[in-house]
Amino acid sequence: MAGPVGLLAPADLLPRLLARLTQAPPLAFAADELPPALPPGLVVLDATCTLQTLPQRLDALSRSGVQLVDFHLLFDHPVAEQYGWMIAAGGTAAALDQAAAWLDRLAPVPSGWLRAGAPGAGCLFGQLATFWTQQQSDTIQWLSERGPHGVAMFDPASWQAQAGKYVPAAIQAAQDYLMLEAASNPDTSTALSPASILCRTLLASVHTPSAS
């Protein structure tokens with residue numbers, strides 16, 4: 001039998017998640033802040049952490065015998081409460097298994113969510129999805145300023161700067177995740193996770209070989 005699971009989510013998102021979880025097993029807690037005391041064996045489904053805040057939270061929870069699954073909703077939409085969200089989740093295999101019944105309900109179909117990798121993988125996918133959304137919004141704005149009624153010049157240098165605007169932050173996120181993954185799973189013989197493959201591909205794509 002699965003162990004207890006609690007839900008931690010931003011205050012504006014929490015009611016929408018709970019509306020989707022009416023048919024799921026009862027939660028140990030559902031809040032926008034961690035309760036002061038958590039029972040050993042609990043898994044916290046956390047939609048609030050980032051790659052920067054995750055290490056401290058993992059350390060604090062592990063000292064109480066609590067595991068964490070970080071999950072993020074990718075490209076939220078108005079009818080998600082009815083049809084479900086695209087979800088990326090990170091955690092140990094045991095923690096993801098324990099939280100699977102709730103993630104199944106939040107997703108469009110059972111198992112229709114991504115086991116993205118080690119703790120931090122959900123944060124990574126959420127952060128990269130945010131960069132992508134911001135990039136699209138900024139690009140539309142950039143184009144509108146240079147369209148038929150725009151006032152700015154359509155110059156290659158400006159476009160190049162716009163296209164690469166979020167690349168440094170994406171590279172930093174990839175490096176941060178790989179450090180977290182290495183710390184949580186030092187065995188390099190295991191299969192690469194989706195998050196690990198994504199990070200390695202991203203870093204390889206921007207690597208410039210040194211001149212020979």
Side-chain angles (χ1 to χ4, degrees), residues 8-14 16-17 32 45-58 68-81 83-91 96 103 106-108 112-147 150 152 154-185 192-209:
L8 185 65
D12 59 340
L13 177 62
L14 187 60
R16 299 178 63 211
L17 296 177
D32 59 359
L45 266 173
D46 189 350
T48 68
C49 59
T50 67
L51 285 170
Q52 291 71 40
T53 63
L54 185 70
Q56 184 176 1
R57 178 158 293 172
L58 283 171
L68 181 142
V69 168
D70 59 289
F71 77 102
H72 277 258
L73 313 180
L74 311 180
F75 312 114
D76 193 6
H77 56 94
V79 294
E81 293 169 41
Y83 295 107
W85 285 273
M86 290 192 296
I87 294 173
L96 289 168
L103 291 168
L106 292 173
W113 49 278
L114 179 65
R115 289 178 177 253
C123 294
L124 170 75
F125 274 84
Q127 194 163 333
L128 293 180
T130 298
F131 292 157
W132 175 258
T133 301
Q134 292 171 336
Q135 178 72 52
Q136 300 312 300
S137 176
D138 291 353
T139 299
I140 291 172
Q141 178 64 31
W142 187 91
L143 290 171
S144 71
E145 294 170 355
R146 291 159 178 82
F154 195 104
D155 61 290
S158 176
W159 170 251
Q160 190 68 25
Q162 173 60 38
K165 185 175 180 179
Y166 294 98
V167 170
I171 292 171
Q172 186 62 59
Q175 293 171 335
D176 289 346
Y177 172 75
L178 289 176
M179 290 180 61
L180 281 170
E181 186 180 64
S184 64
N185 183 22
L192 295 178
S193 68
S196 184
I197 293 172
L198 176 62
C199 289
R200 292 165 190 268
T201 302
L202 174 61
L203 295 177
S205 72
V206 298
H207 174 66
T208 303

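Looking at Thr133 and Phe75, their side chains come closer than 4.5 Å, going by heavy atoms from C-beta outward. In this structure the side chain of Tyr177 reaches within 4.5 angstrom of the side chain of Cys199, judged on heavy atoms. A 4.5 Å side-chain heavy-atom check between Trp113 and Leu106 finds every atom pair outside the cut-off. Side chains of Met86 and Leu73 form no contact here, defined as non-hydrogen atoms less than 4.5 Å apart. You'll find the side chain of Ile87 stays beyond 4.5 Å of the side chain of Leu114, heavy atoms only. Considering only heavy atoms from C-beta on, Gln135 comes within 4.5 Å of Tyr166 through its side chain. Looking at heavy atoms from C-beta onward, Ser196 lies in side-chain contact with Leu178 at the 4.5 angstrom threshold.
With respect to Arg16 and Asp76, a salt bridge is recorded, a charged nitrogen being found less than 4.0 Å from a carboxylate O.
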Point to revise | From CA spacing to verdict: side-chain hydrogen bond (donor to acceptor under 3.5 Å, both in side chains), Thr48, Arg57 | key: CA-CA 11 Å; Thr48 68; Arg57 178 158 293 172; 2.9 Å; yes
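For Thr53, the side chain to side chain donor-acceptor pair (under 3.5 Å) partners two or more places apart in sequence, or in a different chain, are Thr50. Remark: Asp32 pairs with no residue by the salt bridge (Lys or Arg N to Asp or Glu O under 4.0 Å) rule, at least two apart or across chains.
Counting all heavy atoms, side chain and backbone alike, Leu96 lies closest to Gly91 at CD1-O, 3.6 Å. The minimum heavy-atom distance between Leu128 and Ala170, with the atom names listed, is CD2-CB, 3.9 Å.
Side-chain contact check for Gln172 and Asp176: at least one donor-acceptor pair (N or O, by modelled atom type) lies under 3.5 Å.
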